[in-house]
Asker: 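I'd like to ask you about the structure that follows.
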Amino acid sequence: MADADPWLVVGLGNPGPEYARNRHNVGFMVADLLAERMGGRFKAHKARAQVVEGRCGAPGPSSRRVVVAKPLSFMNLSGGPTTALRDFYKVPVGNIVAIHDELDIDYGALRLKLGGGDNGHNGLKSITKALGAEYHRVRFGIGRPPGRMQVADFVLKDFSAAERRELDYFVDRAADAVETLIVDGLERAQTTYNS
């Protein structure tokens with residue numbers, strides 16, 4: 001991968017205001033913050049996604065060209081828009097970052113990795129089916145549902161009042177982790193942010 005190759009950061013979520021604050025939409029929340037940091041506004045793209053193009057990192061040779069995207073398909077169809085954006089922007093698969101909610105990690109904890117399984121996550125399943133598994137993941141912990149609550153019900157509910165008190169901090173940290181991954185590499189990002 002040449003330094004000149006662009007990066008594609010895909011925040012996973014479901015489109016529509018009724019889903020905006022759901023646990024399943026934390027990828028969109030991080031994408032929104034990254035776009036804000038780049039000083040961009042999301043625009044509709046023919047790939048059935050909203051995109052912001054900009055740069056990540058300090059101005060100069062270490063700065064990277066980045067496309068931040070929010071697929072407008074539902075979560076379980078994320079692979080289509082991601083593939084179309086990869087083709088349009090000519091992004092190597094190793095320069096794709098998917099940001100997603102993760103049930104098997106405590107709330108607010110982060111894990112960054114390259115490749116791996118989908119762990120039952122329908123957004124990852126769709127992307128992996130379309131692109132193969134060798135893309136980066138920023139896994140944002142949402143914890144397990146309480147009691148006997150079904151997973152589908154849990155991920156499609158808004159964060160609790162207690163969780164919302166810390167949500168901005170955790171989203172901010174996840175955006176920092178994505179920027180570190182792009183500018184300084186996976187190992188540095190893992191050392192700093194994996195918890």
Asker: Between R144 and D104, is there a salt bridge with N-O shorter than 4.0 Å?
Answerer: yes
Asker: Looking at F42, I'd like to know if the NZ or CZ of K70 sits under 6.0 Å from its six-membered ring centre while staying within 45 degrees of the ring's axis.
Answerer: yes
Asker: Do side-chain atoms of H136 reach the backbone of G94 as a donor and acceptor pair under 3.5 angstrom?
Answerer: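 Between the backbone of G94 and the side chain of H136 there is a qualifying donor-acceptor contact (under 3.5 Å).
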Asker: Evaluate whether atom NZ of K113 has more than 12 neighbouring non-hydrogen atoms of other residues, nucleotides or ligands under 6.0 angstrom away.
Answerer: yes
Asker: What heavy-atom pair brings T180 and A189 nearest, and what distance separates the two atoms?
Answerer: CG2-CA, 3.8 Å
Asker: Around E18, counting heavy atoms of other residues, nucleotides and ligands shown, do more than 12 lie under 6.0 Å from its CD?
Answerer: yes
Asker: Do L181 and V97 pass the side chain to side chain contact (heavy atoms under 4.5 Å, CB included) test, and can you show the C-alpha distance, the side-chain angles, and the key distance before you say yes or no?
Answerer: CA-CA 9 Å; L181 166 63; V97 182; 3.7 Å; yes
Asker: If you look at every heavy atom in R21 and L167, which pair is closest and at what distance?
Answerer: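 Scanning both residues, the minimum pair turns out to be NH2-CD2, 3.7 Å.
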Asker: Can you list the steps and then say if L8 with N95 is a side chain to side chain contact (heavy atoms under 4.5 Å, CB included)?
Answerer: CA-CA 6 Å; L8 173 60; N95 276 20; over 6 Å; no
Asker: Give, for atom NZ of K129 and atom CG of L77, the distance between the pair rounded to the nearest 0.5 Å.
Answerer: 10.0 Å
Asker: Mind checking the CG-CZ spacing from L124 to R139? Nearest 0.5 Å is all I need.
Answerer: 9.0 Å
Asker: Could you report the tightest heavy-atom contact between P81 and S73, atom names first, then the distance?
Answerer: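 The answer is CG-OG, 3.6 Å.
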Asker: Side chains of S126 and N76: does their closest heavy-atom pair fall under 4.5 Å?
Answerer: no
Asker: How close do V52 and G40 get, heavy atom to heavy atom, and via which atoms?
Answerer: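 Result for this residue pair: CG1-CA, 3.7 Å.
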Asker: With a 4.5 Å cut-off on side-chain heavy atoms, are F88 and H45 touching?
Answerer: yes
Asker: Between D184 and R64, is there a salt bridge with N-O shorter than 4.0 Å?
Answerer: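 Salt bridge absent between R64 and D184.
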Asker: So that I can tick it off, tell me whether E102 and R137 are bridged by a salt bridge, with the cut-off set at under 4.0 angstrom between side-chain N and carboxylate O.
Answerer: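 No, R137 and E102 are not salt-bridged.
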Asker: How far does CG of L12 sit from OG1 of T82, to the nearest 0.5 angstrom?
Answerer: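 L12 atom CG to T82 atom OG1 measures 6.5 Å (nearest 0.5 Å).
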Asker: Starting at CG of D168, measure out to CZ of R173 and round the result to the nearest 0.5 Å.
Answerer: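 Going from the CG atom of D168 to the CZ atom of R173 covers 15.0 Å.
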Asker: What closest approach, in Å, do V30 and A174 show between heavy atoms, and which atom pair accounts for it?
Answerer: CG2-CB, 3.8 Å
Asker: How about V155 and M75: do any of their side-chain heavy atoms sit closer than 4.5 Å?
Answerer: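 Sidechains of M75 and V155: no contact.
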Asker: S78 vs I127, test: side chain to side chain contact (heavy atoms under 4.5 Å, CB included). Steps then yes/no.
Answerer: CA-CA 6 Å; S78 301; I127 293 172; 4.1 Å; yes
Asker: Quick check for you: to the nearest 0.5 Å, what is the distance between T83 atom OG1 and I96 atom CD1?
Answerer: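 The OG1 atom of T83 sits 7.5 Å away from the CD1 atom of I96.
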Asker: Which word best sums up how the rings of Y19 and F74 line up, parallel for under 30°, tilted for 30 to 60°, or perpendicular for over 60°?
Answerer: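 The arrangement is perpendicular - the two ring planes meet at more than 60°.
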Asker: Please examine the side chains of P145 and D153, heavy atoms only from C-beta on, and report whether any two atoms are closer than 4.5 Å.
Answerer: no
Asker: Look at the rings of F170 and Y107 and say which category their plane angle falls in: under 30° parallel, 30 to 60° tilted, over 60° perpendicular.
Answerer: perpendicular
Asker: How many angstroms lie between CZ in R23 and CG in N25, if you round to the nearest 0.5 Å?
Answerer: 12.0 Å
Asker: Is there a path from L110 to I105 through hydrophobic residues (I, L, V, M, F, W, Y) whose side chains come within less than 4.5 Å of each other?
Answerer: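 Different clusters: L110 never reaches I105 through Ile, Leu, Val, Met, Phe, Trp or Tyr contacts under 4.5 Å.
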Asker: Which atom names give the shortest non-hydrogen contact between H121 and D101, and what distance separates them?
Answerer: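 Nearest pair, atom of H121 first, then D101: NE2-OD1, 2.9 Å.
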Asker: Is V68 linked to L72 within one hydrophobic cluster, defined over Ile, Leu, Val, Met, Phe, Trp and Tyr using a side-chain heavy-atom separation of less than 4.5 Å?
Answerer: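 The answer is no; the residues belong to distinct hydrophobic clusters.
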Asker: Would you say that more than 12 heavy atoms from the other residues, nucleotides or ligands in this model lie under 6.0 Å from the CG of D106, or not?
Answerer: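 Atom CG in D106 is not crowded, with 12 or fewer foreign heavy atoms closer than 6.0 Å.
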Asker: Applying a strict under-4.5 Å side-chain criterion to I, L, V, M, F, W and Y, I'd like to know whether F28 and Y169 cluster together.
Answerer: no
Asker: Looking only at side-chain N and O atoms, does Y89 offer a donor or acceptor that is under 3.5 Å from a partner on E53?
Answerer: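 Y89 and E53 do have a side-chain donor-acceptor pair below 3.5 Å.
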Asker: Is there side-chain contact between L156 and N14, with at least one heavy-atom pair below 4.5 Å?
Answerer: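 Yes - at least one pair of side-chain heavy atoms lies under 4.5 Å apart.
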Asker: Side chain to side chain contact (heavy atoms under 4.5 Å, CB included) between V151 and L103: does it pass, once the steps are laid out?
Answerer: CA-CA 9 Å; V151 166; L103 288 159; 3.4 Å; yes
